[in-house]
Amino acid sequence: MQSGLMNTFQSGIKTRNWAAWAIAIALFAFYILIYFDYALGILGPVAERLGMGIWTLYGLMYTIAMIIGGIYFLHKHGNSRYHQVRTIVVVLVQIIFAFSIPLVMEIFDSKGFILSLFWPLKIEYFYPQNIFTYPLTLVLYAFLSFVIGVPLLTYFYGKRWYCSWVCGCGGLAETAGDPFRHLSDRKAKAWKFEQWSIHLVMFAAFATTAMVIINWSLHHTSPDGQWITQYPLFDSIATTVQKGYQTVVVAMLSGVIGVGLYPLMGTRVWCRFFCPLAAILGIIQKLGRFRITVKPDMCISCGNCSTYCEMGIDVRQYAQNNQSFKRAACVGCGMCAHVCPRGVLRLENKADLRESADKERRPIVDM
Ligand code: SF4
Ligand code: SF4
């Protein structure tokens, strides 16, 4: 039974009422305590008392939230094989690759490495000072994944293989965030802002990484381990840019705002407006095979697809115009197809776009 449609706007918490605001404020406060613990020192001692580091405690809480959220999601939407498999995979990736393996690595005294995160989502993976602290196999994995694996998979399957099946940020949005997916802004203004903001952060990620690499190559280390550079001004600018990126993009945009705004602006604020990896995947997706096809003359304009699109895409408009489409933002969650009462929409990545378009007698729009 599809239980998600009729009650969405009847529950106050899903309609930005006082409880939704209270949850948002609590999430803001939690993420500030986590990311700025080095200055505040509040959560660190709590984690220590529990016998773990602050990031291990956070990883544990995050994983538990995804497991509980996954059960909730399956209860609500588990009547689809696609959602069953996708939810189980994304939760297992979190448990195994994002939490357990890094934890075991740390127990054996090496630095934790999350195999399911790639540059520039994990920007420090390409910082030279970190590269030399990881085993060569992990460095090669990070580099080859970004240069070959990620683009190839995205070209063939769209960004859904990552954003809806692997990534922890997307995983939390798809599970614990499900009650808030309809709160995404669908206005054209939001779409315009998204196009600017996400590419700006992508540019910032490239520029920051380049500056850190150049700065590293211009220094040498003294016998007593001091960082010595002939270009102190550039060193100070590069260090400021690196810290600025960490504070603004990683702490504020991905954590405090990205999750804090779940109950007010939907669950994909980070993925849609700011994630630099999503920006790169979106560009490849536009060149690749993945698209959403529309069965002509079937749409009854109920609007379920647009309501449940967590990326704020006005799917109904495409369906009404009988236009199959590619959108850089689409994370391939499949909810639009799932909630459509007429079976109008289909997520496709077959090779021959022309054949598919001919069959439907309509062009695939690429916007
Ligand atoms: S268009 Fe459909 S598949 Fe793409 S993000 Fe929106 S709901 Fe998910
Ligand atoms: S495509 Fe389906 S869900 Fe979307 S408006 Fe048309 S009938 Fe409704």
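Keep in mind that this is a model prediction, so the values were computed, not measured. The basis for the numbers below is simple: all heavy atoms, side chains too, and nothing from hydrogens, waters or symmetry mates. Order of listing sets the numbers, starting from 1, for every ligand and every atom in it.
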**Prompt:** On the ring face of Tyr134, is Lys111 found with NZ or CZ under 6.0 Å from the centre and within 45° of the axis?
**Reply:** yes

**Asked** Within the stated cut-off of 2.8 Å, is an N/O/S atom of Cys305 closer than that to atom 6 (Fe) of ligand 2?
**Response** no

**Atoms in ligand 2 flagged as close to Arg316, the criterion being non-hydrogen separation under 4.0 Å** = 5 (S)

**Message:** If the cut-off is 4.0 Å to any non-hydrogen atom of Cys299, which atoms of ligand 2 fall inside it?
**Reply:** 1 (S), 5 (S), 6 (Fe), 7 (S)

**Prompt:** Taking the inter-plane angle between the rings of His182 and Tyr308 on a 0 to 90° scale, is it parallel (under 30°), tilted (30 to 60°) or perpendicular (over 60°)?
**Reply:** tilted

**Item:** Phe203 atom CZ, neighbour heavy-atom count above 12 within 6.0 Å
**Value:** no

**Request:** Heavy-atom contacts with Pro341 under 4.0 Å: which atoms of ligand 2 show up? List them by number with element.
**Result:** 3 (S)

**Fill in**
heavy-atom search around atom 2 (Fe) of ligand 1 in the protein gives Cys336 SG, 2.3 Å

**Item:** Proximity winner for atom 7 (S) of ligand 1, if only heavy atoms of Cys271, Ser184, Cys333 are counted
**Value:** Cys333

**Request:** Under 4.0 Å from a heavy atom of Ala319: give me the atoms of ligand 2 that qualify, with their elements.
**Result:** 1 (S)

**Asked** How about Phe273 and Trp196: are their ring centres within less than 6.0 Å of each other?
**Response** no

**Asked** Quick one: nearest non-hydrogen protein atom to atom 8 (Fe) of ligand 2, plus distance?
**Response** Cys302 SG, 2.3 Å

**Prompt:** Would you call Glu174-Arg181 a salt bridge at under 4.0 Å N-O?
**Reply:** yes

**Request:** Give the cluster check for Val331 versus Phe180: same hydrophobic cluster or not, with ILVMFWY residues linked at side-chain heavy-atom distances below 4.5 Å.
**Result:** yes

**Prompt:** Does ligand 2 have an atom that lies less than 4.0 angstrom from a heavy atom of Ile300?
**Reply:** yes

**Prompt:** Honestly curious: do Val166 and Val85 fall in one hydrophobic cluster under the side-chain, below-4.5 Å linking rule?
**Reply:** yes

**Complete:** If we number the atoms of ligand 2 from 1 as shown, the ones under 4.0 Å from a heavy atom of Ser301 are 5 (S), 6 (Fe)

**Request:** Give the residue and atom name of whichever protein heavy atom lies nearest to atom 5 (S) of ligand 2, and the separation in Å to one decimal.
**Result:** Gly303 N, 3.1 Å

**Item:** Any Glu310 heavy atom less than 4.0 Å from ligand 1
**Value:** no

**Message:** Using a 4.0 Å heavy-atom cut-off, which part of Leu345 comes near ligand 1: side chain, backbone, both, or neither?
**Reply:** neither

